[in-house]
2 protein chains.
Amino acid sequence: MTVTLADVAARARVSPATVSRVLNGNYPVAEATRERVLQAVDELDYVLNGPASSLAAATSDLVGILVNDIADPFFGIMAGAAQSAIGSTASGRAGGEKLAVVCNTGGSPERELMYLTLLQRQRAAAVVLTGGSYESPEHSAATAAKLARLAEAGTRVVLCGRPPVPGDGTAATLAFDNRSGARQLTEHLLSLGHRRIGYITGPDGYTTTRHRLEGHRAALAAAGLDDAPTVHGPYERAAGYEAARELLRRDPDLTAIVGASDTVALGACAALRDLGLSIPGDVSVTGFDDLPFAIDTAPSLTTVRLPLQEAGHRAGLLAMGTEDVPPGTVTTIGAELMVRGSTAAPRG
Amino acid sequence: MTVTLADVAARARVSPATVSRVLNGNYPVAEATRERVLQAVDELDYVLNGPASSLAAATSDLVGILVNDIADPFFGIMAGAAQSAIGSTASGRAGGEKLAVVCNTGGSPERELMYLTLLQRQRAAAVVLTGGSYESPEHSAATAAKLARLAEAGTRVVLCGRPPVPGDGTAATLAFDNRSGARQLTEHLLSLGHRRIGYITGPDGYTTTRHRLEGHRAALAAAGLDDAPTVHGPYERAAGYEAARELLRRDPDLTAIVGASDTVALGACAALRDLGLSIPGDVSVTGFDDLPFAIDTAPSLTTVRLPLQEAGHRAGLLAMGTEDVPPGTVTTIGAELMVRGSTAAPRG
DNA sequence: TTGAAAGCGTTACCAC
DNA sequence: GTGGTAACGCTTTCAA
């Protein structure tokens, strides 16, 4: 029923081996035979059998990109950058391309492991893990073991925006310095004169949540301030919305709010608006597409954003298999900060 | 080196056939043997070889979800819904799950075909195409041919939010009625008293672009209005931003602007803000997460949104392989509309 | 209920 | 440069 390599070989009057060589282009083949084979491929509309190929070659052209939340533009941008860096040619006929696919873990450690197993099962060429990871002894151990298996089976592992896995020495790592990124954000607020700063965290148990909060607190401590009000919640817009209202309920005199992620900050923006606090526009969304800009200012709202897109792009390169980004490279997070009141001065 | 099914069989003192049966669970196996096998699997930390399995079974557990822009939350939500509907259990050990992966075409017809070929090569269990498609005789023909091949090779094909492929009878289709959706949007504006309405389209050549514009024009025509100013551009925030400025340059007395997609409308919002036109908050962003709400109102900005999330969810169900949504089902688009001025009345 | 064995379609090694 | 031919690891009849 379906056309096989043998069919192509027969039509081109060559051996299957030769067809394989032409298709993979790793071996010298006479130009004449080459063309004959390609013509037969076209005429028969032959498509390589991936599983068979992967079985024989003991590797596939699948590259998995794991993200915590596919509906979050942050991950969309990361995944897109990685994917476009991997799938080089956009030419019509599929040649030796990798199949870059993104897998949505939803932030669930279980699903993460499941996807890793599924990719291991597929003998994936590479796996890219992005974003923060869940911190627990069991999950860390399980992940480390899984990554080790993948590595020894020949799958390249890349960690992007995620801390190194303890006890793992094989994964290429591009970590974000969440701690100092968050610290800088809060320092910036302090330098503007703010003293009552609310903080909205990410979900409990995640590395990014902890690191960013630590950075924030370090900045406050250095300024001799007690901990400002903090509300916990997932990296979701709705959580940011509720958290902002809760913060203002607790301390109506807050002059600034820091959201631990763009999505959260977005929700906070909406809450401020609904509370009748003047915000002139959808500043935080502006940020989503304007990552190259370090600072985006509006009349009564200031957004500071540390470079993130760059990290995304470099992640893409890494995933491609280039190794010009040394393991352990550190860049900063793309967190977001909001200052209420006029551009620089807190009110009151 | 790597553990094979034969190793498991040896350890469990059964035949490979039995191990296979236990793993796939399609065949009756004595409970005792079953447990012995599972124990051996655990002890050896065995992971099924996907390619080998797919080769023998002539099908894989891969499900591809094609999206036009992975950085666009619209597609993120769609993909997420489909993916979560497909990967049923979030249990730790990977069993008979499908590997739902999303592929980013970037709106390029070539990349779309390339991904289809790649998925065909993998003998994917199903392919879900989402969003508008590029209209050209060649591409339509190529796509139709490719989908036919996929179908006859046993791959389920689902079109979600994309018009049926001419000459194709195999794909399950969940089309959005972009024409009447857009018409309703503009009719709504007209009913509010607007007469000068700007329109920002999507990219040339796409079904969604054409259908939505047609609907918009039909509404205008029915109201006896000449075509209002229209600006073309891709489905990107930056394009919406520029387009809105351009529209207001051409006709400073516009009282409303319709964006052909959420992303575009977002950019328009930002432009209005930057022009000093009062918009009280990031309304369009509110929309992204608040899809269930049909109407979201703010003091001087009204957003109308036709149901979209529902479509997303049903798409997810479809992709799972259930067939309770008949092919050809029609729902409406998730377009967005912005009214400048007070809630209902156009200014001037 | 279980085992034996014949493929599945490529790749890659070894001759020619 | 090209052809023959063992793997590759699993699924699935067919028997027992």
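In what follows, every heavy atom counts, from backbone to side chain, and hydrogens, waters and symmetry copies are set aside. Order of the sequence lines sets the chain letters (A, B, ...), proteins ahead of strands, with each chain counted from 1.
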Q: Quick one about A:Q122 and B:D61 (side-chain donor to acceptor, distance below 3.5 Å, no hydrogens or angles considered), yes or no?
A: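 Yes, side-chain donor-acceptor contact under 3.5 Å.
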Q: 5'-most contact on DNA chain C: B:A56 or B:P28, nearest heavy atom basis?
A: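 Taking each residue's closest nucleotide, the earlier one in sequence belongs to B:P28.
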Q: Looking at every strand, decide which applies to B:V19 at a 4.0 Å heavy-atom threshold: base, sugar-phosphate, or nothing.
A: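 Nothing, no heavy atom under 4.0 Å.
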Q: Search all heavy atoms of A:L66 against all heavy atoms of A:Y115 and return the closest pair with its distance.
A: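 Reported closest heavy-atom pair: CD2-CB, 4.1 Å.
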Q: Out of A:V8, A:V22, A:D7, A:V47, which residue meets the side chain to side chain contact (heavy atoms under 4.5 Å, CB included) rule with A:V41?
A: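 Only match with A:V41 under side chain to side chain contact (heavy atoms under 4.5 Å, CB included): A:V8.
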Q: What is the distance, to the nearest angstrom, from the CG atom on B:L5 to the C1' atom on D:dC8?
A: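 Atom CG in B:L5 sits about 13 Å away from atom C1' in D:dC8.
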Q: Would you say C:dT2 has OP1 or OP2 under 4.0 Å from some side-chain N or O of B:S15?
A: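 Checking C:dT2 against B:S15, no side-chain N or O comes under 4.0 Å of OP1 or OP2.
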Q: A:N49 side chain: which of C:dA4, D:dC10, C:dT10 is closest?
A: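 Per side-chain heavy atoms of A:N49, the pick is C:dT10.
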Q: Consider side chain to side chain contact (heavy atoms under 4.5 Å, CB included). Of A:T105, A:L147, A:I65, which one does A:L129 pass it with?
A: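 Result: among A:T105, A:L147, A:I65, A:L147 is the only option passing the side chain to side chain contact (heavy atoms under 4.5 Å, CB included) with A:L129.
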Q: Check whether any side-chain nitrogen or oxygen of A:T4 sits under 4.0 Å from OP1 or OP2 of C:dG9, and answer yes or no.
A: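 False: A:T4 side-chain N/O out of range (4.0 Å or more) of C:dG9 OP1/OP2.
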Q: When you measure from the side-chain N and O atoms of A:T33 to the phosphate of D:dG1, is any distance below 4.0 Å, counting only OP1 and OP2?
A: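 A:T33 to D:dG1 OP1/OP2: no side-chain N or O under 4.0 Å.
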Q: To the nearest angstrom, how far is B:N26 atom CG from C:dT2 atom P?
A: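 Taking CG of B:N26 and P of C:dT2, I get 15 Å after rounding.
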Q: As a test of reading the structure: which of C:dG9, D:dT11, D:dG3 is closest to the side chain of A:V14, going by heavy atoms?
A: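 Selected nucleotide (nearest to the side chain): D:dG3.
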Q: Using OP1 and OP2 only, check whether a side-chain N or O of A:T18 sits under 4.0 Å from D:dT2.
A: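 Answer is no, no contact under 4.0 Å.
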Q: Assess the side chains of B:Q39 and B:E35: does a donor N or O sit below 3.5 Å from an acceptor N or O?
A: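 No pair is found: no donor N or O on one side chain lies under 3.5 Å from an acceptor on the other.
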Q: Of B:A32 and B:P16, whose nearest nucleotide on DNA chain C comes first from the 5' end?
A: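 Going by which nucleotide is closer to the 5' end, it is B:A32.
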Q: Could you state the OH-C1' distance from A:Y27 to C:dA15, rounded to the nearest angstrom?
A: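 After rounding, the gap between these two atoms is 13 Å.
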Q: Looking just at side-chain N and O atoms, do B:T143 and B:S140 make a donor-acceptor pair shorter than 3.5 Å?
A: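 Result is no, nothing qualifies.
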Q: Does A:R123 contact D:dG9 through a side-chain donor or acceptor facing the base, at a distance under 3.5 Å?
A: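 Absent.
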Q: Rounding to an integer number of Å, can you tell me how far A:L23 CG sits from C:dT11 C1'?
A: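 That distance rounds to 12 Å.
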Q: Remember a base hit wins even if backbone is also touched, and classify A:A30 as base, sugar-phosphate or nothing at under 4.0 Å, heavy atoms.
A: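 The residue A:A30 makes sugar-phosphate contact but no base contact.
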Q: How long is the line joining CZ of B:R13 and P of C:dG3, in whole Å?
A: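 Nearest whole value for this atom pair: 11 Å.
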Q: Any side-chain N or O of A:Y46 below 4.0 angstrom from OP1/OP2 of C:dT10?
A: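 Yes, within the criterion.
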Q: Once you round it to whole Å, what is the distance between C1' of D:dG1 and CD of A:E31?
A: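 Value for this atom pair: 13 Å.
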Q: Looking at B:R21 and C:dG3, is any side-chain donor or acceptor paired with a base atom of the opposite kind under 3.5 Å?
A: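 Donor-acceptor pair under 3.5 Å: yes.
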Q: Could you state the CG-P distance from B:L55 to D:dT11, rounded to the nearest angstrom?
A: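 Rounding to the nearest Å, CG of B:L55 and P of D:dT11 are 11 Å apart.
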Q: Tell me whether the side-chain N/O atoms of B:S53 come closer than 4.0 Å to OP1 or OP2 in D:dG9.
A: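 Checking D:dG9 against B:S53, no side-chain N or O comes under 4.0 Å of OP1 or OP2.
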Q: Could you give the CG-to-P distance, from B:N24 to D:dG9, as a whole number of Å?
A: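 Spelled out: CG on B:N24 to P on D:dG9 is 17 Å.
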